[in-house]
Structures are given as C-alpha cells and as structure tokens.
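First comes the structure, then the notes that go with it.
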Amino acid sequence: MPSVYFQTFGCQMNTADSDAIYQLLAQRGFVLNDSCVGSDLIIVNTCSVREAAEKRALARIAEFANGKKNHPGQKLWVIGCMAERLGDALKKDIPGIDNIIGAKQMERIDDVIESQFPKCQGDDKTSSSIFQKTAVTDFVPVMRGCDNYCAYCVVPYVRGREMSVPYDVIESAVKQKVGAGIREITFLGQNVNSYNHGGIDFPELLSRMAGVDGLERIRFTTSHPKDCTGRLIDVMASSPKIAAHLHLPFQAGSDRILALMNRRYTASQYRGFIDTVKKRVPGVDLTSDIMVGFPSETDAEFRETLALVRDIRFTAAFMFAYSPREGTAAALMREGISKAEKLARLSELIALQTEITREIYEKSVGEELEVLVTGRQQKRDRAWMGQDRGCKRVLISCEEGVAGMIFKVRAVKSSGMTLIAERVGQ
Ligand code: 5AD
Ligand code: SF4
C-alpha cells in the first residue's frame, strides 16, 4: 500500500486541511507514515503569515527534495498558503517538488486529488482522522478566506474571499464526528464569527449545534472584534455547552495604529465589548493575538498596547513582531523601527503577559472546574490531561478509561500553564 507523510505548518485551518486531504488519500488506499523515510508521498502544508514561517517551510522542503535521491519514485507536494503565494516559482527554486496545490484549491480538493489519484472501483475505505487534536476533540471548518484586508496580512490574498460552508454540510459533519466518539468540536474560520449561509449567522449556528445530543463542548476560532455582536455573547452566556473562552485578536492598543491596520474598531470599543463578555460569561477565559512594531508605531503607542494587556488580563496570548509581507498595504509603509527595537518591544510584552498568565492560573487554585478529559498524560502514571470550560489545561490523577468524560475537579496546584486537580464528588 502506498504511504503518505505530512508536515503541517501554521494555523489550525492547515491542520484541518491536511486532515481532509489525508481522508481523501486514505479512501484511495494510502496509509499514514509517521516518518518521511520510505514514504511514497510527502506533503508539506505551508503558512505565509510571517516570513519566518515561510523560511522554516522552505528549509524543510529543500531537505525533503534532497532526500528524494535516496527514495526513487517518492513524490513531494507543497500545499497551502505559501504554495498559493509563490506558485510554480517554487518548483523553479526547488526542482524536486512534484506538485503545488495552493490554499484556494482547498474548495475543490476532492477534484484535485481525484485528478492525481483516480479512485478505482472498490476504493472507499473510511479512515479515522489522524490530525484530530485527541480521540475526543476535533475541528470543523465552517468558513474559509477573509475579506478584511488588514494592512499587514497576506491571508486575503492567499486564501481568497470569504466563503461560508452550507449549514447542512456542517451539521452532518458534526453529527458524524459525534457518532464516532468526538465530544468537543472547534469551529474554524479566519473570521469564524462572520459566518453566514442562507440566513444562518454564527450565533444561530452555535445555538443550533448546542442542541446536538452527545456533543459536550463547542469552541470556535478566530473571531474578529468587528463581527462580535450582543447575540454572540447571548449564545455564549445561555449555553453551558459553549466554552467560556473567547479568542479575540486586538493586535494593537493605539487607535492610530488600529486605523492604519484597517481593523475597524477602536481600543475603547474593544474594551467595551470585553467588559460585556466578562459580565455575561462569568469566569470567561480571554485570549488574543497581539502585534508589536507595526510601521511607524511609537514607543508611546506600544505602551498603549501594554496598558490594554494589563487592564484586560488575557489568560494567554499569541504575540508577534510585525513582519512585512509583499503585496500587502503595510509593505508599502515606512517602518521607521529597527529590528532590535521591535524585538525589545516583543520581549517586554511577552514578559508582562507571561506574568499575567501565571497569576491567572495561580488564582484558579481552589476553584471547582468542569474538565473534559482528552487523553492520558504520557509521562505519568494515572495522570490524565483535560481542559476546563475555558481554555486552561488541567492534569488529573485518576483511574483508567476516562477519555471523553467530563469530571468535576478542584484545582490544587498550578505549575505555570497547567493546573493540577483532584476529582470531587465521585
Ligand atoms: N506580521 C506579524 N504578525 C502577523 N500576523 C498576521 N500578519 C502578520 C504580519 N505580517 C499575526 C496577527 C494575526 C495572527 C494570525 O498573525 O496577529 O492575528
Ligand atoms: Fe488577516 Fe485581518 Fe483577515 Fe485576520 S481578519 S486573516 S488578520 S486580514
């Protein structure tokens, strides 16, 4: 049987895309390999969001291309955002690449795979997902692409226009996964909360999915502040199945920078929305994406970002130094900040956020939590990993066979970014 090896860079959407391709290949008799050595097909799924991500992928692709010398007949595919951005130019730079499948082709990936590996009669093996986060949690993409054109971002160019998945397709994917034992689903989209198909918007989608029997938890990412409505908060507040977690990138704390970024909200609008969420969804975990060193950002403007981080108290955040991307509006702006200054701002921000994360975990000690057990902790006997209704990682000590169950636990200790907990009321 032919074998395939995946290397997936970037966001959760790429993980979901790699999985979708694996499903199609598995139907055609492919088995998954956990090493590139001896694989008939190597697929590298790439990210273009920052230059560093592209450099890392390019280095890996060059290694795989070189390794083909020892594997006659081995094929190398490059897919995803960088494949879309650079296209056939990649093949010229790295001659070992056999096929390029850009991110926009994910819409018609069934046809793309069929053209490469036509299905034979009798081929239709079903296979369990290999990229699902655990045996009890999985992803469902509900919309693709982005129409927002934030000035720094390459995503609208490589992923294309926004497209929502029809409601019935989502519903059957969810029910099929729940039937196969999945307990928690994360809805994915570049702007998941701008979902709209046939009059069903994102709050409506969430509230309908909260009615699916056997589905215990619903998560979603990534939301854009401009599409956050009161109804979204209403649904989060009213359904215990919807995680008490909102990932809401704010990027920068200065209104001048937010306007240059084309984000379409002000810092005070963002703060106002977050205040309402905190009031309506008690104990909510908030997380964010934050960028430093956008062109012309002054030190005082960077301090506004720090002030917002200090006031809101995110449970965690992804933090980045601005990296110019060719073709975007910001790439034409004069940066006016040295690399060293950008990195100094990034370290100051990371230090502040790390301290807040530590304090928030510390404050949870003594609290009673509902934890969905996701799997065993490899290194310790009797230890199981899980996640609370927010986004905190929890380690529980208990007996065998509990993955997929929801336990009431009490946090007894915090170790940085994990809570250690004991079961209560067994
Ligand atoms: N430079 C640095 N960070 C970026 N992001 C997007 N584009 C860039 C860029 N050019 C960050 C944003 C976004 C996250 C996915 O990546 O914070 O929310
Ligand atoms: Fe990029 Fe902005 Fe779209 Fe997010 S909303 S994918 S940051 S353009």
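Model, not experiment: these values are computed from the prediction. Here, residue 1 is the first one in the sequence, and each next residue gets the next number. Numbering of ligands and ligand atoms starts at 1, following listing order.
At a 4.0 Å heavy-atom cut-off, ligand 1 touches F320 through the side chain alone.
Nearest protein heavy-atom neighbour of atom 9 (C) of ligand 1: S323 O, 3.5 Å. Shortest contact from atom 7 (N) of ligand 1 to any protein heavy atom: Y152 CD1, 3.3 Å. In terms of protein heavy-atom proximity, atom 16 (O) of ligand 1 is closest to R50 NH1, 2.8 Å.
Remark: atom 3 (Fe) of ligand 2 lies closer than 4.0 Å to at least one protein heavy atom.
Annotation for K226: atom NZ counts as buried by contact number, over 12 foreign heavy atoms lying within 6.0 Å. With a 6.0 Å radius and a threshold of 12 heavy atoms from other residues, nucleotides or ligands, Y149 has its OH atom above the threshold.
Applying the salt bridge (Lys or Arg N to Asp or Glu O under 4.0 Å) criterion to R161, with sequence neighbours excluded, gives D147. Taking F302 as the reference, nothing meets the ring pair (Phe, Tyr, Trp, His ring centres under 6.0 Å) condition, with sequence neighbours excluded.
Taking every heavy atom of D289 and a limit of under 4.0 angstrom, the matching atoms of ligand 1 come to 13 (C), 14 (C), 15 (C), 17 (O), 18 (O). Close contacts of ligand 1 with Y322, meaning ligand atoms under 4.0 Å from a residue heavy atom, involve 1 (N), 2 (C).
Note on residues 246-257: pairs passing salt bridge (charged side-chain N to carboxylate O under 4.0 Å, His left out), not counting sequence neighbours, are R256-E301.
Compare H224, Q251, M261 by their heavy atoms: the one nearest to atom 17 (O) of ligand 1 is in Q251.
Assignment of A321 to the shell around ligand 1 is supported, since a heavy atom sits closer than 4.0 Å.
Taking distance alone, with nitrogen or oxygen atoms compared against 3.5 Å, R325 stays at or beyond that limit from ligand 1.
Contact check on E184 versus R219 returns a salt bridge, with a Lys/Arg side-chain nitrogen under 4.0 Å from an Asp/Glu carboxylate oxygen. For the pair R28 and E114, the salt-bridge criterion is met [side-chain N within less than 4.0 Å of a carboxylate O]. Under 4.0 Å is where a charged nitrogen must lie from a carboxylate oxygen, and between K279 and D275 no such pair does. Taking a cutoff of 4.0 Å between a charged side-chain nitrogen and a carboxylate oxygen, E359 and R313 qualify as a salt bridge.
Of the inter-residue distances, the one linking I100 atom CD1 with L86 atom CG reads 8.5 Å to the nearest 0.5 angstrom.
Less than 2.8 Å away from atom 2 (Fe) of ligand 2, the protein contributes these N/O/S atoms: C150 SG.
Each of T315, T221, D289 was checked for a side-chain hydrogen bond (donor to acceptor under 3.5 Å, both in side chains) with H247, and the lone residue meeting it is D289.
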